[in-house]
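The residues of the chain are indexed from 1 along the displayed sequence. Quantities reported herein were computed from a predicted structural model and do not represent experimental measurements. One-based numbering, in listed order, for ligands and for the atoms of each.
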Amino acid sequence: MAKSLKKSKASVDSTRKETIRRKDIQKKLSQALKDTAKLRRIIKNAANDNRKIKEELESSLRKLKEAQGQLIHAEKMEAVGRMASGVAHEVKNPLGIILQVINYFEEELPAEQKNNHQMLQMMKDSAKRADKIVRTMLSFSRAEELKTELQDVNVIIESSIELVQHKLKLNSVELVYQLEKGLPQLLVDTGKIEQVFVNLFNNAADAMPKGGKLFIRSYLTELKTPKSKIGNRENDIFKLGEKAIMVEVEDTGEGIGESIINKIFDPFFTTKKRTEGTGLGLSVAKSIIEMHKSLIDVESKKGQGTKFTITFKLPDGRS
Ligand code: ADP
């Protein structure tokens, strides 16, 4: 009996030991499973991180290529601009002489020679057109000094509108002013900024031959969204958080197609008839705005309209 009891105790002991051993193995197994899951998560995260890094690298490379393209383009345009102003200097004086001679012959020619008078008039019109182009080309000259003064941008907008009022009326363009009052003054060359606005208003009128609306807005804002030339990079014209005056010129005209929108600021780019467009207006406008350390941008949808936005730098110490 005692022997049998001893035997069954030994069996119970061994079963208990086996149970403990199994539990231990199970514990280790479940720990190993947890470790494997953790490792899998780490590997997955690392793969995700790698993918993100790759995407970021690719996006940086794209931006770099874009910036490089823009730089090459800007340099090309700068060279074209320099050449244009060089040619203009050379052509300006001979053209002046041609116009003087035409005027002389006009006065000398007997009134009854109508055909000759007509021909002289044609010569005069052509020479005047060439003279206008040459004068516009001269605006490219970067060396040209800005005659700056403190001025309210709304005053310049209003005086520019007066210069194109006639054309806007002819095209049945309705003007919608949304000008913020009490804006800080800008330090600008009033005549040159007027030239920019007149060009934008003229283009808007041309884009709405059958009528439409021309919105002109001005407001003070704080620049919060980084974009080309706005950010905290060394070459940015505006820093984030800086205040600026915005002027928007928006029309409901024909709009600009995607295939040409990148070209409209290029010198001599025009979609107008040879007698109507020189393709110099916007390139000169851009050059003037950049001389004022400011920015000009365009957004447009074919068939819906176009919006030009100028971001004006405030005089130092006012931002
Ligand atoms: P131009 O007026 O002599 O053609 P610009 O440099 O002023 O020269 O304009 C270049 C081109 O940009 C225009 O020929 C036209 O195709 C386009 N453009 C400019 N402003 C507008 C506008 N508001 N709506 C539609 N197209 C425009």
Side-chain angles (χ1 to χ4, degrees), residues 73-74 76-85 87-88 125-126 128-141 157 160-161 163-178 191-218 246-291 294-310:
H73 185 73
K76 257 195 226 161
M77 288 307 124
E78 181 101 20
V80 173
R82 264 202 308 277
M83 195 185 75
S85 75
V87 171
D125 289 345
S126 301
K128 274 191 173 162
R129 181 176 145 74
D131 188 58
K132 194 176 151 210
I133 295 176
V134 159
R135 282 176 201 283
T136 320
M137 279 158 80
L138 283 172
S139 310
F140 272 114
S141 164
I157 290 174
S160 313
I161 277 292
L163 298 173
V164 291
Q165 196 100 52
H166 182 64
K167 184 168 178 173
L168 293 173
K169 259 198 197 134
L170 269 182
N171 288 16
S172 312
V173 173
E174 184 193 334
L175 262 174
V176 186
Y177 284 110
Q178 292 166 341
K192 286 205 162 57
I193 297 299
E194 201 172 72
Q195 191 183 342
V196 172
F197 289 151
V198 166
N199 183 63
L200 295 184
F201 301 156
N202 261 324
N203 278 344
D206 286 340
M208 299 185 282
K210 294 191 187 116
K213 281 188 179 175
L214 176 60
F215 298 88
I216 306 175
R217 305 183 190 96
S218 67
M246 312 297 285
V247 172
E248 293 176 0
V249 178
E250 183 172 2
D251 64 60
T252 56
E254 64 197 18
I256 306 170
E258 261 179 57
S259 58
I260 63 161
I261 199 151
N262 290 332
K263 298 184 189 146
I264 62 167
F265 290 105
D266 292 355
F268 305 110
F269 177 82
T270 183
T271 55
K272 296 175 190 170
K273 278 191 229 139
R274 215 188 70 79
T275 46
E276 286 167 16
T278 58
L280 287 172
L282 285 179
S283 52
V284 169
K286 189 166 196 272
S287 141
I288 292 174
I289 292 299
E290 284 173 358
M291 280 161 90
S294 300
L295 294 174
I296 180 164
D297 298 298
V298 63
E299 289 164 55
S300 185
K301 273 222 171 88
K302 191 80 190 147
Q304 290 184 19
T306 303
K307 179 164 92 175
F308 284 92
T309 305
I310 304 180

Can you sort out which atoms of ligand 1 are near G277, meaning under 4.0 Å from one of its heavy atoms?
3 (O)

Of the listed options (T271, T306, V249, L282), which comes nearest to atom 16 (O) of ligand 1 when hydrogens are ignored and any heavy atom counts?
T271

Under 4.0 Å, heavy-atom basis, I'd like to know which part of L200 is in contact with ligand 1: side chain, backbone, both or neither.
neither

Select one of side chain, backbone, both or neither to describe which atoms of N199 lie under 4.0 Å from any atom of ligand 1, heavy atoms only.
side chain

Where is the nearest protein heavy atom to atom 23 (N) of ligand 1: which residue, which atom, and how far?
D251 OD2, 2.8 Å

Backbone N/O of K213 and side chain of T252: donor-acceptor pair under 3.5 Å:
yes

Residue and atom name of the nearest protein heavy atom (relative to atom 18 (N) of ligand 1), distance in Å to one decimal:
I256 CD1, 4.0 Å

Starting from atom 1 (P) of ligand 1, locate the nearest protein heavy atom and write down its residue, its atom name and how far away it is, to 0.1 Å.
G279 N, 3.7 Å

Determine whether the side chain, the backbone, both or neither of F265 has a heavy atom under 4.0 Å from any heavy atom of ligand 1.
neither

Quick one: CZ on F308 to NZ on K286, what's the gap to the nearest 0.5 Å?
12.0 Å

Does some side-chain heavy atom of L200 sit less than 4.5 Å from a side-chain heavy atom of I310?
yes

Salt bridge or not for D131 and R135, using N-O below 4.0 Å?
yes

Would you mind checking which non-hydrogen protein atom is closest to atom 4 (O) of ligand 1, with the distance to 0.1 Å?
T270 OG1, 2.6 Å

Would the number of heavy atoms belonging to other residues, nucleotides or ligands and lying under 6.0 Å from NZ of K132 be above 12?
no

Give me the nearest non-hydrogen protein atom to atom 17 (C) of ligand 1 as residue plus atom name, then the distance to 0.1 Å.
I264 CG2, 3.9 Å

Point-to-point distance, once rounded to the nearest 0.5 Å, from CG of L214 to OH of Y177
8.5 Å

So, does D251 use its side chain to make a donor-acceptor pair with the main chain of T306 at under 3.5 Å?
yes

What protein heavy atom lies closest to atom 2 (O) of ligand 1? Include the residue and the distance to one decimal.
K272 NZ, 2.7 Å

Look at ligand 1 and say whether G253 reaches it with a heavy atom at a distance under 4.0 Å.
no

Candidate with minimal heavy-atom separation from atom 10 (C) of ligand 1, of F201, F269, F268:
F269

Has K272 got more than 12 heavy atoms of other residues, nucleotides or ligands less than 6.0 Å from its NZ?
yes

Report, as yes or no, whether the 6.0 Å neighbourhood of atom NZ on K167 holds more than 12 heavy atoms from other residues, nucleotides or ligands.
yes

Select the closest option to atom 21 (C) of ligand 1 among D266, N203, I261, judged by heavy-atom distance.
N203

Please could you name the atoms of ligand 1 that G255 approaches to less than 4.0 Å, counting only its heavy atoms?
25 (C)

Could you grab the distance from atom CG of L163 to atom CD of Q195, nearest 0.5 Å is fine?
11.0 Å

Which atoms of ligand 1 sit under 4.0 Å from any heavy atom of T278?
3 (O)

CZ of R217 to CD of Q178: how many Å apart, nearest 0.5 Å?
5.0 Å

For G281, atoms of ligand 1 separated by under 4.0 Å from a heavy atom:
5 (P), 6 (O), 7 (O), 8 (O)

